[in-house]
Amino acid sequence: MVNSPLKQVSTPSYGSELLISVPEEFTFAHCQKFLNRNKHECLHQVDSQRWIKLLKLDQQLILVTVSMTQGSLRVQTHDNILSESQKRQLKAYITEVFDLKTDLSQFYRAVKNEEIMAHLTQRYYGLRLIGIPDLFEALCWCVIGQQINLNFAYQLKKQLVYNKGERLQFKGVDYYTFPEVEVIAEMSTEEFAAWKFSNAKAQYIIGIAQAMLQGQISKEMLLGSSKEDAVKGLTALKGVGPWSAHYVMMKCCRENSAYPIDDVGLQNAVKIHSAMTRKPTKTELLQLSKRWNPWQAYATFYLWHSLI
DNA sequence: ATCCAGGTTCGGG
DNA sequence: CCCGAACATGGA
């Protein structure tokens, strides 16, 4: 049989499989659409049926494929038989990325009287807030994305991941993990400059890595604090302002009332859906968000999704 | 050419 | 406390 390099193998010859049941309000295709929003994304791959990602579970690199089957998420490994511990971690990871524990019907009910969300929640019924479970990755992604267009941001991330992440080759395709804190903490700003990072971004990312390494901040800490204290802890990091703090709360800590109000994408989306001739002011965005309470993060995510 | 991109920090009034 | 400038680069 001819083995074309473009052809994907449909079933693993030697691997583990687990099925994760999904809530009623879950539409894999909408999530796929978001995951596939930029062609420069380097931390996973998406095809029409599957999401493919390299994970590190118990210090082992494991390539994982996620697809939808008979009302469940099917999670497969390609050439690893998972330990029970790895299976647990994998299930927890997938559950977190796709936010399977949130009852979306409550979000839908809460916003049904606000025009924009009434529209978007019908249009994207079952879309889940796709998360970034790793705090370091979430923070770096914030810093990278600040003040530049998303396309360029993805290219900067690619430099970081290709040069400092871990790689696994499978059937001729390279897959990567996000770099470890320890690796980035030892870098110099000069290395970043060669990748077209600004000096400020480089310093922020190195500083964040060092702060995490020293235990100044951790995901456990954030999850154990009030929302207010968590934002305070995050903004204490150089390079992390209000927007980034709320972005991290939203994508990493699963705080559904987080609200990155300074976000230009949010502003543009509201402008479009309100048929405004100018961007909404911060005051207007705050007023609007009261009608989404306590689901500001989900509303923001649906608005972002409408810009894809 | 000029302005805007998933903002934030820093220095000056 | 508030405001402008600087930041690196690319696309419109």
Side-chain angles (χ1 to χ4, degrees), chain A residues 33-43 120 127 129-132 134-163 178 187-211 217 231-253 255-256 258-273 276-283 285-286 288-289 296-308:
Chain A
K33 169 91 175 168
F34 180 82
L35 287 164
N36 202 25
R37 72 194 179 287
N38 194 287
K39 64 183 175 196
H40 295 295
E41 175 59 63
C42 57
L43 288 175
L120 291 182
L127 170 66
L129 202 167
I130 301 299
I132 304 176
D134 180 64
L135 177 62
F136 183 53
E137 180 187 337
L139 281 166
C140 289
W141 185 225
C142 283
V143 171
I144 289 172
Q146 287 166 12
Q147 173 55 25
I148 57 174
N149 65 70
L150 215 40
N151 225 16
F152 182 45
Y154 275 104
Q155 295 183 51
L156 293 181
K157 182 168 86 165
K158 202 185 267 186
Q159 292 291 330
L160 192 58
V161 169
Y162 284 2
N163 287 291
F178 195 78
M187 284 182 65
S188 66
T189 53
E190 286 77 16
E191 290 180 81
F192 279 93
W195 304 336
K196 301 172 181 177
F197 280 63
S198 68
N199 209 275
K201 280 193 201 306
Q203 285 179 11
Y204 297 158
I205 288 172
I206 294 168
I208 288 166
Q210 292 173 348
I217 194 164
V231 168
K232 236 180 255 178
L234 285 164
T235 51
L237 298 166
K238 283 280 176 252
V240 178
W243 174 84
S244 300
H246 280 261
Y247 183 94
V248 168
M249 295 299 286
M250 164 180 176
K251 297 274 284 186
C252 184
C253 300
E255 172 53 66
N256 285 335
Y259 191 38
I261 195 168
D262 306 300
D263 186 83
V264 70
L266 169 71
Q267 294 162 15
N268 284 331
V270 168
K271 174 186 166 187
I272 290 168
H273 291 290
M276 299 170 77
T277 54
R278 54 163 180 83
K279 282 187 200 170
T281 65
K282 210 161 166 169
T283 310
L285 285 171
L286 205 54
L288 181 59
S289 74
Q296 290 87 339
Y298 252 96
T300 300
F301 190 74
Y302 272 55
L303 283 161
W304 284 346
H305 195 72
S306 76
L307 296 174
I308 294 177

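Because the structure is a prediction, the values reported are computed rather than measured. The sequence lines fix the lettering, A, B, ..., with proteins before strands; numbering per chain opens at 1.
Going from atom NZ of K196(A) over to atom P of dC7(C) covers 18 Å, rounded to whole Å. Between L266(A) atom CG and dG7(B) atom C1' the separation is 14 Å, expressed in whole Å. When rounded to the nearest whole Å, the span between CD1 of I144(A) and P of dT8(B) equals 14 Å. Going from atom NZ of K39(A) over to atom P of dG10(C) covers 14 Å, rounded to whole Å. Whole-Å rounding puts the N38(A) CG to dG10(C) C1' distance at 13 Å. Rounding to whole angstrom units, CD1 of residue I205(A) and P of dT8(B) are separated by 14 Å. One can place CZ of F192(A) at 15 Å from P of dT9(C), the figure rounded to the nearest angstrom. Taking atom NZ of K201(A) as the reference point, atom P of dT9(B) lies 12 Å away to the nearest angstrom.
Residue P260(A) is out of contact with every strand shown, counting any heavy-atom pair closer than 4.0 Å. Heavy atoms of I261(A) sit nowhere under 4.0 angstrom from any nucleic acid atom. Within 4.0 Å (heavy atoms only), G239(A) reaches sugar-phosphate atoms of the nucleic acid but no base atom. In this structure, D262(A) reaches the sugar-phosphate backbone alone: every heavy-atom distance under 4.0 Å involves primed, P, OP1 or OP2 atoms, never a base. K238(A) comes within 4.0 angstrom of the backbone, heavy atoms only, and of no base. Among the protein residues, V240(A) comes within range of the sugar-phosphate backbone only, with heavy atoms under 4.0 Å from sugar or phosphate atoms but none that close to a base.
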Query - Verdict with reasoning, K158(A) to E41(A), per salt bridge (Lys or Arg N to Asp or Glu O under 4.0 Å) - result: CA-CA 7 Å; K158(A) 202 185 267 186; E41(A) 175 59 63; over 6 Å; no

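In this structure A202(A) satisfies the side chain to side chain contact (heavy atoms under 4.5 Å, CB included) test together with T189(A), F192(A), sequence neighbours excluded. Annotation: side-chain hydrogen bond (donor to acceptor under 3.5 Å, both in side chains) contacts of D262(A) (sequence neighbours excluded): K282(A). Taking the side-chain hydrogen bond (donor to acceptor under 3.5 Å, both in side chains) definition, one finds that Q147(A) meets it with nothing, sequence neighbours left out. A search for side-chain hydrogen bond (donor to acceptor under 3.5 Å, both in side chains) contacts involving N38(A) returns N151(A), not counting sequence neighbours. With sequence neighbours left out, the side chain to side chain contact (heavy atoms under 4.5 Å, CB included) criterion links T235(A) to V231(A), A245(A).
For dT8(B), the OP1/OP2 oxygens have a side-chain nitrogen or oxygen of S244(A) closer than 4.0 Å.
Position along DNA chain B of the nearest nucleotide to K251(A) versus L237(A) favours K251(A) as the more 5'-ward residue. Looking at which nucleotide of DNA chain C each of Q155(A) and A200(A) is closest to, the 5′-most match is held by A200(A).
To the nearest whole angstrom, the two P atoms, one in dC2(C) and one in dA5(B), are 24 Å apart.
If you look at F136(A) and W141(A), their ring centroids are not closer than 6.0 Å.
In this structure a side-chain-to-backbone donor-acceptor pair under 3.5 Å is missing from Y247(A) to Y259(A).
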Report all interatomic pairs (protein N or O, nucleotide N or O of nucleotides 3-5 of chain B) with separations under 3.5 Å.
| from | atom 1 | to | atom 2 | distance (Å) |
| --- | --- | --- | --- | --- |
| dA5(B) | OP1 | K279(A) | NZ | 2.9 |
| dA5(B) | OP2 | K279(A) | NZ | 3.3 |
| dA5(B) | N7 | Q147(A) | NE2 | 3.2 |
| dA5(B) | N6 | Q147(A) | NE2 | 3.4 |
| dA5(B) | N3 | N149(A) | N | 3.2 |

